[in-house]
Q: 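Quick one: structure below, then a few questions.
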Amino acid sequence: MTRRSATTRLLALPFLASALALAGPLPGASATPAGADPTALPEVVVPGEPLPQPRSETLLAAGAAGFFHTTQDDAFAWTAYDTGATTVVGHYDETRPDPGLRGAGSDFTVDADPRRAGTTWKLQDMSTGATATVNGPETAWIRGVYGDAVLTEGSATYPGPLNFLRPDGNGGTTVVPVTSWADAGLHPGSTAPLGGDAREAAFGLYFNDGYRIALADTHTGAVRVSPLLPSPRNTGGCDNPLTAVDTAQLAWLGGDCRIHVLSRADLNAPDRTVPVDYYAQPRAIGLSGDWVLTVGRSGYDQQDSDVPVQRELVATPVGGGDPVVLLSHASETIAQAPDGAAIVEGGDTAADWTVRKVTATGGAAPTTVATKYRVAPDAYHVDSLNLSAGTLISAEGGNYLGEGFYGRRGTLGDTPAVSARTPLGREGYQNPHLSCGGGPTICTDMAGTGDGRVVHLNSGYGNNLSVRRGDQYQEIALDKAVRPTEVVGASGRYVLLDTSYWPQSSLAVVDLDGSTPGATVATASGNIGTIDDGRLITPGAKTGEVVVLDLATQQSRTLQTGRDCKITQLKSAGGWLYWNCWFDGDTGSAGLLRPDGASSPIEVPARAQGMGKGFLVYTPGDEGVSSVVDFHTGVPVTKSLKAHLPSDYAFDYKWSADRFGGGLAYADKYQNIHLVSVIAPDPASR
């Protein structure tokens, strides 16, 4: 899949010997799955190759039966400790990381988006599946979920009051106002949530000369406030305001680079401290018994390591004592459970990355026990994908030790199969950390020639074209006058390049195998065209006209589509030419021509995004599944895929239609590669 208009997809076309006009009614096909066989096309899924680094998740809260966390697709989920079964609750908005917002110290949460004002929320006990409705003031905002109480702020007069809302068991809502702010000389609008549990919600309050901690009772609304404390924010010291609230204590990292620990039973008791190194400030803190837990920063030089990033989980006795390393490798979030345990993620390898409970007993150092939830590692990112004549080539990155090109062989049929991943080297793999929207990088331009070669632009070596056949690699210098922005297509020895620079659009064909490899053999104005079997095909000057240029003889001839409209797309594969006029009117028109006269012309829907040998690919603008129109028998039939492939300018999926065969390949957002059998090979030809 390329990043610009689908008019430039890689296609194939046999020799166009004469003009053939379309006339009369044509067999039609639908570009959507509606009315088609609901059975999706057969496919095989190749799991993404796991990275040596663990996937990043965020632990949000821990209850008695399970914990809340984010997943790799930005979902907000709850997972049971004993089974590891995960239930997705909704989408996670990382711009609202407020402690307690999704839940605190219990298995309760709300199903609604807490960012949106409202009057009604459904409270869920994830451990039992029970739900109850709570009703709050008009336009109130959720500040957190503390056990079976929802804390809201504001009303029609924002910021307004704080209220705990709790189901009364009879379908109604008990409203508990937090009314003690004035008694403490405080204003609720100045609060920063710190977390809490079913018993109390914790808040930090900033003042010019320091900081206070407030605890609000979820059943009475009464507020207890600490004396003046060192602020967690100090531009001259530690500047990462971290907090932890467990059943007996609360802790925060002060700007004085000390972790301060207060007793929840007596906020006025002197705090105890644990010093931290200014140059190694922790990324997360927690509490386990009388121990402070910290997870340090990961080193940038270890991102490409073959072992998990070194983020040690360290336990330090509150008030003094030698620290103890509990885990050599841990993620950067800690959650507090209602039984006094802390919840962390870590392991010895990325394959062993597990959510673990940290528990302290007596005066002994805390111990870690794995739960049933294992965090699967991320996979190497599929930067580019090409399927040509059954050979699947991928460019994969994400870790320097393994980035590069890989080859697989696909077999189509009712049960398609893919061979093992074979490394093809990393030569030509440039700019591995650039996004696909950033110009002519590897992730946008890979195309197969049909003779075993794959080509792409190489922005790392200037005006060069990268060519590989298996593990053999070659750099071909292009003419200085050619400034390619994209590989449009390739066929055999010829490669079609888009050389458009605003405000002009142009195409160029270069020869890989001539006496001067990379020499330009043809150019054309505009950016609509395809190339096949030694011929460049572009729209003609007249509406409905196609020009076919023989690159060897430089002789051209024309083909008439039979429709009086301006051609805006040309694609070709398997002896068929697809033309498209979808900008002409509301729906446009499109069709297929077979120039040898062996079959009748076929009318097909406009706006195809890709073409393989005997089929077209359609990607809907909505979230419905993509579809293909199989026309290899001469009668178009619509079939469904199992995914919504993106159209242009969308990069959640990379995909490639095999213009030399009947298959389609795509990589999903989890970096799994799917080989889809669109047209099974004829058994007689196997």
Q: Dump the intermediate steps for side-chain hydrogen bond (donor to acceptor under 3.5 Å, both in side chains) on Arg607 and Thr619, then the final yes or no.
A: CA-CA 9 Å; Arg607 308 190 187 192; Thr619 62; over 6 Å; no
Q: Taking Asp630 for its side chain and His632 for its backbone only, find out whether a donor-acceptor pair lies under 3.5 Å.
A: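 Judged by distance alone, yes, a pair lies under 3.5 Å.
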Q: Are Ile673 and Val418 packed together at the side-chain level, in the sense that at least one heavy-atom pair is separated by less than 4.5 angstrom?
A: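 Contact flag for Ile673/Val418 side chains = no.
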Q: Check whether any side-chain heavy atom of Phe76 sits under 4.5 Å from a side-chain heavy atom of Val88, and report yes or no.
A: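 SC-SC contact between Phe76 and Val88 ruled out.
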Q: Indicate whether the side chain of Ser500 and that of Thr485 have a donor and an acceptor atom separated by less than 3.5 Å.
A: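 The criterion, which ignores hydrogens and geometry beyond distance, is not satisfied for Thr485 and Ser500.
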Q: Would a distance-only check, ignoring hydrogens and angles, find a side-chain to backbone donor-acceptor pair under 3.5 Å from Asn527 to Ser506?
A: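 Here the side-chain-to-backbone pair does not exist.
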Q: Passes side-chain hydrogen bond (donor to acceptor under 3.5 Å, both in side chains), Thr568 versus Asn580? Steps please.
A: CA-CA 6 Å; Thr568 55; Asn580 185 3; 4.6 Å; no
Q: Any donor and acceptor pair, going by atom type alone, linking the side chain of Ser572 with main-chain N or O of Leu577 inside 3.5 Å?
A: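 Not a single qualifying donor-acceptor pair exists.
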Q: Leu664 and Leu645: side chain to side chain contact (heavy atoms under 4.5 Å, CB included), yes or no, with the steps?
A: CA-CA 11 Å; Leu664 171 73; Leu645 303 180; 4.2 Å; yes
Q: Hydrogens and angles aside, do Thr391 and Arg409 bring a side-chain donor and acceptor to less than 3.5 Å of each other?
A: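 Present: a donor and an acceptor within the cut-off.
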Q: Side-chain contact, heavy-atom cut-off 4.5 Å: Val628 with Leu616?
A: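 Not in contact.
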Q: Dump the intermediate steps for side chain to side chain contact (heavy atoms under 4.5 Å, CB included) on Leu424 and Ile393, then the final yes or no.
A: CA-CA 9 Å; Leu424 303 178; Ile393 306 294; 3.7 Å; yes
Q: Does Lys613, at its NZ atom, have more than 12 non-hydrogen atoms belonging to other residues, nucleotides or ligands within less than 6.0 Å?
A: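 Result for NZ/Lys613: open.
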Q: Please report the closest heavy-atom contact between Trp353 and Ser331, naming both atoms and the distance.
A: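 That would be CZ2-N, 3.5 Å.
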Q: Rounded at 0.5 Å granularity, tell me how far CG in Asn399 sits from CG in Asp378.
A: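 Result: 11.5 Å between the selected atoms.
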Q: Between Arg468 and Glu427, is there a side-chain heavy-atom distance shorter than 4.5 Å?
A: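 In short, these two side chains touch, coming nearer than 4.5 Å.
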Q: Testing the basics here: between Ala420 and Arg408, what is the closest heavy-atom pair and its distance to 0.1 Å?
A: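 Taking every non-hydrogen atom into account, O-CG, 4.0 Å.
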Q: Taking atom CG of Leu313 and atom CG of Leu326, what is their separation to the nearest 0.5 Å?
A: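 Atom-to-atom, Leu313:CG and Leu326:CG are 4.5 Å apart.
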Q: Please answer whether the main-chain N or O of Pro646 pairs with a side-chain N or O of Trp655 as donor and acceptor at a distance below 3.5 Å.
A: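 Yes: the side chain of Trp655 pairs with the backbone of Pro646.
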Q: Can you tell which of Asp658, Leu675, Val678, Ile679 makes a side-chain contact (heavy atoms from CB on, under 4.5 Å) with Leu412?
A: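 That would be Leu675; it is the only one of Asp658, Leu675, Val678, Ile679 passing the side-chain contact (heavy atoms from CB on, under 4.5 Å) with Leu412.
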Q: What are the two closest non-hydrogen atoms of Tyr578 and Ala608, and how far apart are they?
A: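 Smallest interatomic distance, heavy atoms only, reads OH-N, 3.3 Å.
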Q: Looking at every non-hydrogen atom in both residues, tell me the closest pair between Val521 and Leu551 and how far apart they are.
A: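 Heavy-atom minimum between the residues: CG2-CD2, 4.4 Å.
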Q: Look at the side chain of Arg535 and the backbone N and O of Asp533, then say whether any donor-acceptor pair between them is shorter than 3.5 Å.
A: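 Flag set: sc Arg535 to bb Asp533 pair under 3.5 Å.
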Q: Is there a side-chain contact between Val487 and Leu465 (heavy atoms, below 4.5 Å)?
A: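 Sidechains of Leu465 and Val487: in contact.
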Q: Can you tell me which residue among Val510, Ile531, Thr520 is in a side-chain contact (heavy atoms from CB on, under 4.5 Å) with Leu497?
A: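 It is Val510; the other options fail the test.
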Q: Looking at OG1 of Thr58 and CD of Glu345, how far apart are the two atoms once the value is rounded to the nearest 0.5 Å?
A: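 Going from the OG1 atom of Thr58 to the CD atom of Glu345 covers 8.0 Å.
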Q: May I have the step-by-step check of side chain to side chain contact (heavy atoms under 4.5 Å, CB included) for Tyr618 and Gln609, ending in yes or no?
A: CA-CA 6 Å; Tyr618 291 86; Gln609 294 293 340; over 6 Å; no
Q: Is there a donor-acceptor pair under 3.5 Å between the side chain of Ser656 and the backbone N or O of Leu387?
A: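 Between the backbone of Leu387 and the side chain of Ser656 there is a qualifying donor-acceptor contact (under 3.5 Å).
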Q: Closest approach of Ala680 and Gly413, non-hydrogen atoms and distance?
A: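 Of all heavy-atom pairs spanning Ala680 and Gly413, the closest is CB-CA, 4.0 Å.
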Q: Could Arg426 and Glu403 be called an ion pair, given the rule that one side-chain N must be under 4.0 Å from one carboxylate O?
A: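 Answer for the salt bridge query: yes.
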Q: Consider only side-chain N and O atoms of Arg55 and Thr71, and report whether a donor and an acceptor are under 3.5 Å apart.
A: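 No.
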Q: Between the main-chain N or O of Ala519 and the side-chain N or O of Thr516, is there a donor-acceptor pair closer than 3.5 Å?
A: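 Such a contact is absent between Thr516 side chain and Ala519 backbone.
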Q: For the CD1 atom of Ile285 and the OG1 atom of Thr333, what is their distance to the nearest 0.5 Å?
A: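 OG1 of Thr333 is found 13.0 Å from CD1 of Ile285.
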Q: So, are Glu43 and Lys639 salt-bridged, with charged N and O less than 4.0 Å apart?
A: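 No.
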Q: Do Lys654 and Asp668 meet the salt-bridge criterion of a basic N to acidic O distance under 4.0 Å?
A: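 No, this pair does not count.
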Q: Are the side chains of Pro42 and Pro416 in touch, meaning some heavy atoms are under 4.5 Å apart?
A: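 Pro42 vs Pro416: side chains touch.
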Q: Quick check with a 6.0 Å cut-off and a 45 degree axis cone: is Arg102 positioned over the face of Phe68's six-membered ring?
A: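 Geometry flag: not set, cation outside 6.0 Å or 45°.
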Q: Going by heavy atoms in the side chains, are Thr422 and Tyr406 under 4.5 Å from each other?
A: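 No, side chains not in contact.
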Q: Can you give me the closest heavy-atom contact between Ala657 and Gly612, atom names plus distance?
A: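 Taking every non-hydrogen atom into account, CB-N, 4.0 Å.
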Q: Looking at the rings of Tyr373 and Tyr81, which for Trp means the six-membered one, are their centres under 6.0 Å apart?
A: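 No - the distance between ring centres of Tyr373 and Tyr81 does not fall below the 6.0 Å cut-off.
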Q: Output the distance between atom OG1 (Thr499) and atom CG (Leu496), rounded to the nearest 0.5 Å.
A: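 With rounding to 0.5 Å, OG1 (Thr499) is 9.0 Å from CG (Leu496).
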Q: Within a strict 4.5 Å, meaning less than it, do heavy atoms of the Leu392 and Leu385 side chains meet?
A: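 Sidechains of Leu385 and Leu392: in contact.
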Q: Find the distance between CG (Asp348) and CG (Leu327) and round it off to the nearest 0.5 Å.
A: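 Taking CG in Asp348 and CG in Leu327, the distance rounds to 8.0 Å.
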Q: Side chain to side chain contact (heavy atoms under 4.5 Å, CB included) between Ile343 and Val355: does it pass, once the steps are laid out?
A: CA-CA 7 Å; Ile343 308 300; Val355 170; 3.4 Å; yes
Q: Verify the distance criterion only: is there a donor paired with an acceptor across the side chains of His674 and Asn672 at less than 3.5 Å?
A: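 No pair is found: no donor N or O on one side chain lies under 3.5 Å from an acceptor on the other.
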Q: Which residue is it: His381, Gln671, Arg421? I am looking for the one with a side-chain hydrogen bond (donor to acceptor under 3.5 Å, both in side chains) to Glu396.
A: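 For Glu396, the side-chain hydrogen bond (donor to acceptor under 3.5 Å, both in side chains) test succeeds with only one of His381, Gln671, Arg421, which is Arg421.
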Q: As a test of understanding, state which of Thr449, Asp511, Asp513 forms a side-chain hydrogen bond (donor to acceptor under 3.5 Å, both in side chains) with Arg493.
A: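 The passing option is Asp511.
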Q: For the residue pair His644 and Tyr666, is the inter-centroid distance of their aromatic rings smaller than 6.0 Å?
A: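 No.
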